[in-house]
Amino acid sequence: MAAKRMLAVLTICLVFGLGAVAGCAPQAPTPDATADAGAEASGEESQSGKDREYTEDELAVIAGAEGTTHGDIGEDVFLGKDYIDQLYDRWDMVAEEYSPEVRTLPDGRMVQRTPTEYSLASGAWQTQANTNSYNTYWLDSDNRGCGSCHADLGSVLKNMAFEHTQVWNDDIKSNLTVQECINCHHWAPGYMEKNMEFGTLMHAVHFGARHKVQFAEEYGGNCNSCHNATDNGQGMEMWDLVKYDHLWGVNNIASEDLGDVDFSFEQETTQDNAFSFEWMHAYYDQMRHGAGVLGTNLPQSLFDNWEITIDGLVKAPYTATLKELVDEAEKAGVVVEKTSKIVCSWNMVGGGGISNVKITGIPVSWLVEKAGGITDGANGVRAMRADGSSRRSFSLDKLNANEALLVYKINGEPLGAKQGYPCTNWVEGVDAQVFSKQINAYTVADDCPPDFGDSKYCAENYDGSPNGWFDENGVIVNRPNATILDVPEGLVIESGKPFDFHGYVDAYNEHISQMEFSFDGGETWTAFDLADTDPNRVVWWHLQWTPPEQGAYRLTVRATTAEGSESKQTHTVLVNAKDVLPSKEDTVVLETTSLVPPRAAAAGGQN
């Protein structure tokens, strides 16, 4: 992280002959030194102005008389011109040496995490230079934030020795942010052993015995690498969460000045794989996860002999094999094939815990009808996992609306091991916690909790189906969730050419009614109404926009539902538009987006 900057500091110090005590800060040269340097640079004696005779008008300009201008007088008449030239030359060198780092990612795209300060704002008081390299020389922003070391946080988690829950999603190309990490590790009763532990964990990881030497010496890490120390009363803020409030060179465009933008949305796009929360709940979840990682093909006999039981408050409980049920349902013409979404309650803004896929399944209502129907007193249906690790329930409303399905194919293919082969429960309009893998029984019951969950987290915080992640104040932070996809931090794009921002917006069981976009940090918004969105499928949005000139731009998105929910957290990305794209040779080429090497599989040597 710091190797480039350390070399740059040394270079500047050598060029300017500055001492370590001065911290390489520019020092005002003496008048004689300035004059001599200027003469040497120009190849002739410096004209100090001492021997020159000035006209009355020139003297008036030099004296700053009111109403005078220097438009008709050459700048060289001013005393100290050589001194000013030296200041500008010095800061031009600093600007070049400390130019923001441009990286080439393994996929060939380029990113520049820090905005370029092309010039000082008009009327700025820093008249000793065109720029003072505030972002890079003073704030050292290239060496701050998670992305300064970890070009892709999802890749870091994917390669961890202790396997992390899958929060990345390669199929939709989500880009994990530290805000997602904070949300889960800050408040997750029933999921995390201790709440509000993100800071404790991260400081131990970076400054603990295993990594502190590497973090501090190899990467130049310190408190400022992650934090912003302020005088605003907020103490040590997370740099990644506040950096756009402090960086110079971010172009703000008000909604009325945005120009033409092209907005569209659709709900048909599907992914090759259904997102899988995987291995979190029990030992057999880990087994399913491991089989998927190793590419294990589970036998057809498991499908043919798998038994499904319908019991509880039904008139004629029964047990049949999955194959028998599928054959009978196909002959009866009740098999459902449709595009449907799966989304987890923890899926944060910017997250990858969501997918749209084509499912093939049998309505649970048809299975219950085969059992003679429901008897009096029932209030829900429990989906019983074969390994006993889950007995989540769903409401009779979902049953009667045919939104509960016994799914045995995804995208026309049998389920994979990680997806719960040979079958999984699928309930639309609720979070994925009730999507029980390897289900073997549906039990109609009268004791289903009002939240239709069975974990401590749900029971203490929810009325109705979870459908969102609550913070410690009982506020859902991810409904609705408007997310920008496939824009790595500081993506380099071409100015004057259309660029397609895209992503998804979702609100579990609520209808997305409006999306809003801001190019000025949320000061003004451009709104688009969405009509007739299906809450059981993902809404994929596109916003085509053309950067008017080179510079950094940030896009922020948020959404509203027809039911009245508004985004509690927004998602922001930064892009850097350039008139001419850099050549790969002029960038830092990254061979990996993670400091953590890929983990070898337990068997077969697979990564």
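The model shown is predicted, which means the values in this text are computed figures rather than measured ones.
Closest approach of Asn135 to Pro115, counting heavy atoms only: ND2-O, 3.2 Å. Heavy atoms only, all atoms of each residue included: Leu574 and Val487 are closest at O-CG1, 4.3 Å. Across all non-hydrogen atoms, the minimal contact from Gly145 to Asp240 is CA-OD1, 3.4 Å. Looking at every heavy atom in both residues, Asn347 comes nearest to Gly353 through OD1-N, 2.8 Å. Closest approach of Ile512 and Val505 over heavy atoms only: CD1-CG2, 3.6 Å. The minimum heavy-atom distance linking Gly521 with Ser518 is given by the pair N-OG, 3.7 Å.
Within the 3.5 Å criterion, the main-chain N or O of Met202 finds a donor-acceptor partner in the side chain of His206. At least one donor-acceptor pair under 3.5 Å links the side chain of Ser355 to the backbone N or O of Phe275. A distance-only check finds a donor-acceptor pair linking the side chain of Asn478 to the backbone of Trp469 [under 3.5 Å]. When atom types are taken as modelled, the side chain of Asn195 and the backbone of Ala188 share a donor-acceptor pair closer than 3.5 angstrom. Without hydrogens or angle criteria, Ser513 side chain to Thr560 main chain gives a donor-acceptor distance under 3.5 Å. The backbone N or O of His227 sits less than 3.5 Å from a side-chain atom of Arg144, completing a donor-acceptor pair. No donor-acceptor pair under 3.5 Å is formed between the side chain of Asp171 and the backbone N or O of Gln271.
Atoms SG and CH2, from Cys226 and Trp239 in turn, are 12.0 Å apart once rounded to the nearest 0.5 Å. With values rounded to the nearest 0.5 angstrom, Thr114 atom OG1 is found 9.0 Å from Asp140 atom CG. Distance check, rounded to the nearest 0.5 Å: OG of Ser141 to OH of Tyr98 gives 12.0 Å. Leu241 CG to Thr177 OG1: the interatomic distance, rounded to the nearest 0.5 Å, is 8.0 Å. For the atom pair NE2 of His203 and CZ of Phe198, the computed distance is 9.5 Å after rounding to the nearest 0.5 Å. With values rounded to the nearest 0.5 angstrom, Ile172 atom CD1 is found 12.0 Å from Asn273 atom CG.
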>> Using the rule given for side-chain contact (heavy atoms from CB on, under 4.5 Å), can you reason through Thr526 versus Phe519, listing the C-alpha separation, both sets of side-chain angles and the distance that settles it, and then say yes or no?
In response: CA-CA 9 Å; Thr526 299; Phe519 281 87; over 6 Å; no

> Where do Arg558 and Glu566 land on the side-chain contact (heavy atoms from CB on, under 4.5 Å) test, with the steps shown first?
Replying inline: CA-CA 8 Å; Arg558 68 184 185 187; Glu566 299 177 348; over 6 Å; no

> Could you walk me through whether His186 and Glu472 pass the side chain to side chain donor-acceptor pair (under 3.5 Å) check?
Replying inline: CA-CA 9 Å; His186 177 75; Glu472 65 271 30; 3.0 Å; yes

> Does the side-chain contact (heavy atoms from CB on, under 4.5 Å) test come out yes or no for Leu491 and Phe499, once each step is laid out?
Replying inline: CA-CA 11 Å; Leu491 179 66; Phe499 181 78; 3.7 Å; yes

>> Between Ile476 and Ser565, does the side-chain contact (heavy atoms from CB on, under 4.5 Å) criterion hold? Intermediate values first, please.
In response: CA-CA 9 Å; Ile476 295 180; Ser565 295; over 6 Å; no

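Asp579 and Ser495 share a side-chain donor-acceptor pair at under 3.5 Å. No side-chain donor from either of Thr570 and Thr556 sits under 3.5 Å from a side-chain acceptor of the other. Checked by atom type, the side-chain pair Asn232/Glu237 shows a donor-acceptor distance below 3.5 Å. Side chains of Gln569 and Asn183: a donor-acceptor N/O pair is present below 3.5 angstrom, by distance only. The closest side-chain donor-acceptor pair between Asn481 and Thr483 falls under 3.5 angstrom.
The closest side-chain heavy-atom distance from Asp506 to Ile354 is below 4.5 Å. Contact check for Val111 versus Glu489: no side-chain heavy atoms found under the 4.5 Å cut-off. The shortest side-chain heavy-atom distance between Trp541 and Ile484 falls under the 4.5 Å cut-off. With a 4.5 Å cut-off on side-chain heavy atoms, Asn130 and Asp92 count as touching. Put simply, the side chain of Pro547 reaches to within 4.5 Å of the side chain of Ile493, judged on heavy atoms. In this structure, the side chains of Ile253 and Pro548 come closer than 4.5 Å at one or more pairs of heavy atoms. Side-chain atoms of Arg113 and Asn576, non-hydrogen and from C-beta on, never get closer than 4.5 Å to each other. Looking at Thr116 and Lys578, their side chains come closer than 4.5 Å, going by heavy atoms from C-beta outward.
Summarising the local packing, NZ of Lys173 is surrounded by 12 or fewer heavy atoms from other residues, nucleotides or ligands at distances under 6.0 Å.
Using a 4.0 Å cut-off between charged nitrogen and carboxylate oxygen, Arg109 and Asp486 count as a salt-bridge pair. Under the 4.0 Å criterion applied to side-chain N and carboxylate O atoms, Lys158 and Asp170 are assigned as salt-bridge partners.
In this structure, Tyr504 and Trp540 have perpendicular ring planes: the angle between them is above 60°, well past the 30° mark. Relative ring orientation between Trp91 and Tyr137 is described as perpendicular, the plane-to-plane angle rising above 60° on a 0-90° scale split at 30° and 60°. Using the six-membered ring where Trp is involved, Phe265 and Phe263 have ring planes that are tilted, between 30° and 60° apart.
Every pair tested for side chain to side chain donor-acceptor pair (under 3.5 Å) that includes a residue from residues 254-263 fails, sequence neighbours excluded, so the list is empty.
Here the rule is side-chain contact (heavy atoms from CB on, under 4.5 Å) with Glu180, and of Val178, Ile182, Leu176 only Leu176 fits it.
Here Trp545 and Phe517 keep their ring centres 6.0 angstrom or further from each other.
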